[in-house]
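Numbered from 1 within each chain, the chains take letters A, B, ... in sequence-line order.
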Amino acid sequence: MAREVRSYRDLPLNLYQIQTKFRDEIRPRFGVMRGREFTMKDGYSFDRDEAGAEESYRAMVEAYRRIFRRCGLQFGVVEADPGAIGGSFSHEFMVMADTGEEAIHVCGACEYAANAEKTPVRLALPAASGGKIEKVHTPGARTIGEVSAFLGVPVDRLTKTLLYLADGKPVAALVPGHRELNETKLKNALGAAELVMADPETVQRLSRAEVGFAGPVGLSGARVLADPSLQGRAGLVLGANETDYHYVGAQEGRDFRADAFADLTLAQEGDPCPRCGKPLAVRRGIEVGHVFKLGTKYSASLGASYLDEKGESQTIIMGCYGIGIGRTVAAAIEQNHDADGIIWPVPLAPYQVDVIPVNAADAPSREKAEALYRALEGEGVEAALDDRDERAGVKFKDADLIGFPYKLVVGPRGLKEGKAEVKSRRTGETQMLPLEGAAAALGERIRKDAGAPS
RNA sequence: CGGGGCGUAGCGCAGCCCGGUAGCGCACCUGCUUUGGGAGCAGGAUGCCGGCGGUUCAAAUCCGCCCGCCCCGACCA
């Protein structure tokens, strides 16, 4: 694109491709949801300025909403972490499903919805009094639970010190004892590309103690980041960097000093909504689409620029947009099935109609069924003809399992009145149609179903 | 790389704990009936019980080793 785009007249530009991608997954999982090979639609927008880029982004979000709505999906658009792809902000399209692989937070009171790792947390810890720092013997107490039980101190008075290697450099992260660290937040706070928990050898080297007794007091060789709730806080219980010892009564700013403060904790169910303060609920979702506002991250580094009206060189503003095709289909099935099988939403159905001659031995049924099948094709409907020599029940059950939105049943019973029966897979509702014009009527109905529902 | 599970008839499984010569459903074969929601009845065939070794009068069953597959976690869209 850097070579293709010259002038502001070439912008905005929006390109997409649909192709097979490969990721070297350590372990493929969730059936078709996470394999090493998958099909993805990805698209990229190129704009002259921020306003244009934002408009492209907004239009793409709206297009994605419509696509997923037509796929018959119940989904949410959530704020997400841009992750390795980078960029200034991003949204994920999450299909709500209990089998989903990602936790998301939703607020029942307002519109807030976000990837669980994205939700900001502002902790309000109970007031704690000072006192002086003291080293106490805590034999064998390594975990927060053990230390809390041993000292008889509530867990929110303790402080977790977690040692990480950020791009190879040691970092100590401090969070209140009753909360989990959010590694994504820590990674972002450090601006690190790679973050791994320190291995036991490194922990022992840094804390000069066995694993489980690390703390910030007297810790050298590691940058210390702490949750803002710990700033200046007194009465802390901390690892003493000595096997079987903890400090009590420690105070940030007096006994040790954090190098920086940042929101590091993982939001959990019941935490206040960052927008309206009501408690958040946790739900699970399947990520089917992801949009990123990239800004100039890639265009700048790849030298993608254009000449504006004044002939001055400007950097192109980019966005990037992806849909996981296979998992979208999987998610659609997840949300559209019953005990008998798949219920394809019409726009996704590989075939919209299964034409079933009820008794293959009955020549009139067979002939009328075939005629209807051809007529449907003439209507532009994708139809299948089940001309197998099977009992009617078998064909019905198979049609249900495969999920054809409609069955068109042709048998002696209906033919006596010159009619065929249409049955909806979703509602089970049936309707007798005169053979004459049955294909046209059904075609009409399918075209209506296929259009974007409200 | 860590944790767990499973290998028995074509397919899905029970039997294993408590050792006694292998069973259920579906599919299959034969006959009759049935034919608009996975047909019914009667009769029939089917097994190196993952492999190797050990214990025992006797091993699908107990013990050891090996092989294969699956699930969970670390990773990730």
**Student:** What is the nucleic acid contact for Gly35(A), judged by heavy atoms within less than 4.0 Å: base, sugar-phosphate only, or nothing?
**Tutor:**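 Base, at least one base atom sits under 4.0 Å.
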**Student:** Roughly, in whole Å, what's the span from NZ in Lys395(A) to P in rA39(B)?
**Tutor:**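 Interatomic distance, NZ of Lys395(A) to P of rA39(B): 13 Å.
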**Student:** Phe396(A) on top of rG36(B)'s base, within under 5.5 Å and under 30°?
**Tutor:**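 So no, this residue does not stack on that base, at least one cut-off failing.
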**Student:** Out of curiosity, Lys293(A) NZ to Asp47(A) CG, how far, rounded to the nearest 0.5 Å?
**Tutor:**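 Here the rounded value is 9.5 Å.
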**Student:** Considering heavy-atom distances to RNA chain B, does Val358(A) or Glu287(A) have its closest nucleotide positioned more toward the 5' end?
**Tutor:**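 Final value for this comparison: Val358(A).
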**Student:** Should the pair Tyr57(A) and Phe89(A) be assigned to parallel (<30°), tilted (30 to 60°) or perpendicular (>60°) ring geometry?
**Tutor:**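 Plane angle over 60°, so perpendicular.
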**Student:** Send over the distance from Glu390(A) CD to rA27(B) P, rounded to a whole Å.
**Tutor:** 11 Å
**Student:** To the side chain of Arg413(A), which of rG36(B), rA39(B), rA77(B) is closest?
**Tutor:** rG36(B)
**Student:** Work out how far the C1' atom of rG12(B) is from that of rC48(B), and round it to whole angstrom.
**Tutor:** 22 Å
**Student:** For atom C1', what is the distance between rC32(B) and rG36(B), given to the nearest Å?
**Tutor:**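 Per the computed distance, 23 Å lies between those C1' atoms.
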**Student:** Is there a donor-acceptor pair under 3.5 Å between the side chain of Glu334(A) and the backbone N or O of Ala330(A)?
**Tutor:**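 Pair absent, no side-chain N/O of Glu334(A) close to backbone of Ala330(A).
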**Student:** Considering Watson-Crick and G-U wobble pairs with both distances under 3.5 Å, what does rU56(B) pair with?
**Tutor:**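 Answer to the pairing question: none, since rU56(B) forms no Watson-Crick or G-U pair.
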**Student:** Give Gly322(A) one of three labels, base, sugar-phosphate or nothing, depending on what nucleic acid heavy atoms sit under 4.0 Å from its own.
**Tutor:**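 Contact class for Gly322(A): none.
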**Student:** Atom CZ of Phe22(A) and atom C1' of rA77(B): how far apart are they, to the nearest Å?
**Tutor:** 15 Å
**Student:** Provide the Watson-Crick or G-U wobble partner of rC6(B), both distances under 3.5 Å; none if there is no partner.
**Tutor:**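 Check on rC6(B): paired to rG68(B), both distances under 3.5 Å.
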**Student:** Can you tell me how far C1' of rA74(B) sits from CD of Glu183(A), to the nearest Å?
**Tutor:** 10 Å
**Student:** Report the nucleotide, chosen from rU35(B), rA77(B), rG36(B), that has the shortest atom-to-atom distance to any side-chain atom of Asn359(A).
**Tutor:** rU35(B)
**Student:** Give me the distance, rounded to whole Å, that separates rC24(B) from rC65(B) when you measure between the C1' atoms they each carry.
**Tutor:**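 Those two atoms are separated by 33 Å.
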**Student:** Please report the distance, rounded to the nearest Å, between NZ in Lys187(A) and P in rC75(B).
**Tutor:** 9 Å
**Student:** Using the P atom on both, measure rG20(B) against rC66(B) and round to a whole Å.
**Tutor:**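 Approximately 28 Å lies between the P atom of rG20(B) and that of rC66(B).
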**Student:** Whom does rC48(B) pair with, Watson-Crick or G-U wobble, provided both distances fall under 3.5 Å?
**Tutor:** none
**Student:** Find the distance between NZ (Lys187(A)) and CG (Asp167(A)) and round it off to the nearest 0.5 Å.
**Tutor:** 9.0 Å
**Student:** How many Å lie between OH on Tyr321(A) and P on rA77(B), as a whole number?
**Tutor:**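 In whole Å, rA77(B) P and Tyr321(A) OH are 18 Å from each other.
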**Student:** Could you tell me how far apart Tyr64(A) (OH) and rA77(B) (C1') are, to the nearest whole angstrom?
**Tutor:**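 Result: 12 Å.
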**Student:** Strictly below 4.0 Å, N to O, side chains only: are Arg58(A) and Glu54(A) in salt-bridge contact?
**Tutor:** no
**Student:** Below 3.5 Å, does any donor atom in the side chain of Asp398(A) face an acceptor in the base of rG38(B), or the other way round?
**Tutor:**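 Per atom types, the contact qualifies.
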**Student:** Using atom P of each nucleotide, how far apart are rC62(B) and rA14(B) to the nearest Å?
**Tutor:** 15 Å
**Student:** Figure out the CG/P separation between Leu415(A) and rG36(B), and round it to whole Å.
**Tutor:** 14 Å
**Student:** For Glu421(A), answer base if it contacts any base atom (sugar-phosphate contacts may also be present), sugar-phosphate if it contacts only those atoms, and nothing otherwise; contact means non-hydrogen atoms under 4.0 Å.
**Tutor:** base
**Student:** Which of these nucleotides, rA77(B), rG38(B), rG36(B), is closest to any side-chain atom of Val394(A)?
**Tutor:**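 It is rG38(B).
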**Student:** So what does Gly411(A) touch, heavy atoms closer than 4.0 Å: a base, only the sugar-phosphate, or nothing?
**Tutor:**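 Base contact.
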**Student:** Taking the side chain as every heavy atom from C-beta outward, state whether Trp344(A) and Val329(A) have any pair of such atoms under 4.5 Å apart.
**Tutor:** yes
**Student:** Would you indicate, yes or no, if rG38(B) has its OP1 or OP2 atom less than 4.0 angstrom from a side-chain nitrogen or oxygen of Arg391(A)?
**Tutor:** no
